[in-house]
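Have a look at the structure below before the remarks.
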Amino acid sequence: MSQKVITRFAPSPTGMLHIGGVRTALFCWLFARKHGGTFILRIEDTDLSRSTDDNIRIIEEGMAWCGLDWDEGPIVGDPGQWKGPHGPYRQMQRMDLYKSKIQELLDKGLAYRCRCSREALDERRKAVEAAGKVFQYNRGLDAGKGCADAHHDASRPCAIRFRMPVDGDIVVDDLIKGETRFPAESLDDWILARTGDAPGEIGVPTYNFCVVVDDTHMAVTHVIRGDDHLNNTPKQIPLFRAFGYELPAFAHVPMILGADGAKLSKRHGATSITEYQAMGLLPSAVRLALARLSWTPKIDGRAVESAEEELLTDDQMIQLFDLADCQKSAARFDMDKLNWMNQKLIQRATWQELEPHLRPFLPAAWAEKPDAWKALAIQATQKGKSLTDMAEALRFAFAPPTTFDEKAVEKFMTPAIKPALAEVRGLADYTHAGLEAGFNAILAKHGLKTKDLAQALRVALCGKPVSPGIFDTLMLVGREGVAARLERWL
RNA sequence: GGGGCUAUCGUCUAGGGGUCAGGACACCGCCCUUUCACGGCGGUAACACGGGUUCAAAUCCCGUUAGCCCUACCA
């Protein structure tokens, strides 16, 4: 690769950052990082009705949470400002460029003004469809009814259409899908720019036009996007040619489906990245799980083949990433595997790494706890599947239980256990070894089994027969807390 | 309707003419155990269908079926 790799993720601000979009962004990011290239974030806000500053902020925050840092694009929290030499990175701020490029096409006769009203178009569409055919502007049954060869009425606002080739195939050479051919006759003259406000004025350009102009002017070398855009590519390629632009490389990544094989949507529970954040998932786990959908990392030409190898770090992913190892088919989102990866990454993280992620799920009192206590707390609950599990497991460490599991009380709070329980108050050495020694002494003295005392203690300290290791539990509650919580059972 | 993409265990996938069709998650069983977990060991489970080509097809070709995408003055 002679030129510097530049990829871009170009979401439209619709109110949330979709998990599928994040996956696409991840591939762009991985590819750019792998090749020492640049990753651009571009906001496609030409749909005026949906684009707001708030919606843009949602994208920025979602990307940031996922650890997908962009080299060029908007500056977080400062709408309208950007970093990078190819700005601005919001399409609505690029209107002047678009309009001059459209004028260029008009001047060259490669595009033309269309004054057909929506109503007229609808009517013609209906008529053609009634005849069992596809409506194609100025093609097929609609031939001769277009504005291409007519003198447009300069007194009326008009849209701009692109003159598409009529014969032959348009070939898309895709890095993932391979070569695909689209018959030119299956496409028609599409709209470059919507109807302007005043006669002669060029309106807001459409997606297919903006991408071509932006990708070229931002020097994007690899267009990596969802395969729902594969069908748009044959519309865009003739436009690249009309401008005399060089074609970027294309890679269309498969969609992510819901567990039922249908398109991932609200009814599958979570589509927005913020929902995954709220579930207590580590961003690194989300990255891993998303990357492994439709991508099989190959180590020395061999697919990963053990649980250990599945758990790739970001660095390994970057090093291993290759579009050639991507699947052509759509993948279903596998929440089970994400949870497993999350658990594994939680287990192998140091407490310092985990702390900032865990903090938002814990009560404010967490902030006042000393580091040693935090380290113990995190380690004691690191078997959890998620940060929310960990936070739940730690509840007892912040406040005495208010309710008690009835069955557990009945089973473990036997009269025989009370004397032993009373003696636990006397334990003074609150180190793991100290507690273990004292605990065993009490056991021996009363002829109890570990389980008997441990479970009774759990009920007294946590209200339920489930907690971290009993000595960890004691240390987390602390000597005074233990004494206080034991009181009501003696 | 037209055009495009896709099709291996429940899920993610390896394998691209000869494999007992391999792995991971999930599931089930056993072991470990101070609870819940973790962990260890083992197990169930797949080439969508129909035709070709070939000594031989999950693998190549052609159909069919199913799913998805595009077919907007959405992106």
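Lettering follows sequence order; numbering is per chain, from 1.
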(request) Determine the interatomic distance between C1' on U13(B) and the same-named atom on U35(B); round to the nearest Å. (result) 37 Å

(message) At 4.0 Å (heavy atoms only), tell me whether C326(A) reaches a base, stays on the sugar-phosphate, or touches nothing.
(response) nothing

(message) Any carboxylate oxygen within less than 4.0 angstrom of a Lys/Arg side-chain nitrogen, looking at E410(A) and K407(A)?
(response) no

(request) Could you check which nucleotide pairs with U59(B) in any of the strands shown, counting Watson-Crick or G-U wobble with both distances under 3.5 Å? (result) none

(request) Determine the interatomic distance between P on A66(B) and the same-named atom on U53(B); round to the nearest Å. (result) 27 Å

(message) Give me the distance, rounded to whole Å, that separates U59(B) from C49(B) when you measure between the P atoms they each carry.
(response) 10 Å

(message) Please classify the nucleic acid contact of R181(A) as base, sugar-phosphate, or nothing, using heavy-atom distances under 4.0 Å.
(response) sugar-phosphate

(message) For the C1' atoms, the ones on A45(B) and on C25(B), what distance do you get once it is rounded to whole angstrom?
(response) 14 Å

(message) Does the structure show a Watson-Crick or G-U wobble partner for C25(B), both distances under 3.5 Å? Name it, or say none.
(response) G10(B)

(request) Once you apply the 3.5 Å cut-off to both distances, tell me the Watson-Crick or G-U wobble partner of G1(B), or none. (result) U71(B)

(request) Tell me what K328(A) touches on the nucleic acid: a base, only sugar-phosphate, or nothing, going by heavy atoms under 4.0 Å. (result) sugar-phosphate

(message) For U64(B), give the paired nucleotide (Watson-Crick: N1-N3 plus N6-O4 or O6-N4; G-U: N1-O2 and O6-N3; both under 3.5 Å), or none.
(response) A48(B)

(message) For the backbone of A324(A) and the side chain of D322(A), can you confirm whether one donor and one acceptor N or O come within less than 3.5 Å of each other?
(response) yes

(request) Go ahead and name the base partner of C36(B); Watson-Crick or wobble counts if both distances stay under 3.5 Å, otherwise write none. (result) none

(message) Are the side chains of L457(A) and L486(A) in contact, using a 4.5 Å heavy-atom criterion?
(response) yes

(request) Using the P atom on both, measure G22(B) against G42(B) and round to a whole Å. (result) 15 Å

(message) To the closest 0.5 Å, what do you measure between CG (L476(A)) and CG (L461(A))?
(response) 10.5 Å

(request) Could you tell me whether K133(A) contacts a base, only the sugar-phosphate backbone, or nothing, with contacts defined as non-hydrogen atoms closer than 4.0 Å? (result) nothing

(message) On RNA chain B, does the nearest nucleotide to A454(A) precede the nearest nucleotide to D336(A) from the 5' side, or the other way round? Give the residue.
(response) D336(A)

(request) With a 4.0 angstrom cut-off to heavy atoms of chain A, pull out the first and last contacting nucleotide of RNA chain B, in 5'-to-3' order. (result) G1(B) to A75(B)

(request) Report the residue (G132(A) or A193(A)) whose heavy-atom-nearest nucleotide on RNA chain B is the more 5′ of the two. (result) G132(A)

(request) Select base, sugar-phosphate, or nothing to describe what S467(A) touches, counting heavy atoms under 4.0 Å on all strands. (result) base

(request) May I ask you to say what T195(A) touches in the nucleic acid, namely base, sugar-phosphate or nothing, with a heavy-atom cut-off under 4.0 Å? (result) base

(message) Measuring only between side-chain heavy atoms, which start at C-beta, is Y89(A) closer than 4.5 Å to M218(A)?
(response) yes

(message) Regarding S306(A), tell me which of base, sugar-phosphate or nothing describes its non-hydrogen contacts under 4.0 Å with the strands shown.
(response) sugar-phosphate

(message) Applying a 4.0 Å non-hydrogen cut-off, can you work out what R458(A) is touching in the nucleic acid: base, sugar-phosphate, or nothing?
(response) base

(request) Just jot down the ring pair (Phe, Tyr, Trp, His ring centres under 6.0 Å) partners of Y207(A), sequence neighbours excluded, or say none. (result) H229(A)

(message) Could you report the tightest heavy-atom contact between D188(A) and F135(A), atom names first, then the distance?
(response) OD2-O, 4.4 Å

(request) Please work out if P465(A) contacts a base, only the sugar-phosphate, or nothing of the nucleic acid, heavy-atom cut-off 4.0 Å. (result) base

(message) Salt bridge check, E119(A) against R124(A): does any charged N sit closer than 4.0 Å to a carboxylate O?
(response) no

(request) Pull up the glycosidic torsion of C38(B) and say syn or anti, syn being anything within 90° of 0. (result) syn

(message) Once you apply a heavy-atom cut-off of 4.0 Å, does D334(A) come out as touching a base, just sugar-phosphate, or nothing?
(response) base

(request) Quick one: do Y276(A) and F333(A) satisfy ring-ring contact (aromatic ring centres under 6.0 Å, His included)? Show the steps, please. (result) CA-CA 13 Å; Y276(A) 290 86; F333(A) 190 76; 5.6 Å; yes

(request) Taking atom C1' in both G2(B) and C28(B), compute the distance separating them and give it to the nearest angstrom. (result) 49 Å

(message) So K449(A), base contact, sugar-phosphate only, or nothing? Heavy-atom distance under 4.0 Å.
(response) nothing

(request) Check whether NZ of the Lys or CZ of the Arg R42(A) lies under 6.0 Å from the centre of the six-membered ring of F9(A) and within 45 degrees of that ring's axis. (result) no

(message) Within the 4.0 Å heavy-atom criterion, would you say P234(A) contacts the bases, only the backbone, or no part of the nucleic acid?
(response) nothing

(message) Regarding K344(A), tell me which of base, sugar-phosphate or nothing describes its non-hydrogen contacts under 4.0 Å with the strands shown.
(response) sugar-phosphate

(request) Give one of base, sugar-phosphate or nothing for E129(A), where a contact means two heavy atoms less than 4.0 Å apart. (result) nothing

(request) Using the P atoms only, state how far A21(B) lies from A26(B), rounded to an integer number of Å. (result) 26 Å

(request) Return the nucleotide paired to G17(B): Watson-Crick means purine N1 to pyrimidine N3 with N6-O4 or O6-N4, wobble means G-U with N1-O2 and O6-N3, both under 3.5 Å. (result) none

(message) With rounding to the closest Å, how many angstrom separate the C1' atoms on A24(B) and A56(B)?
(response) 32 Å

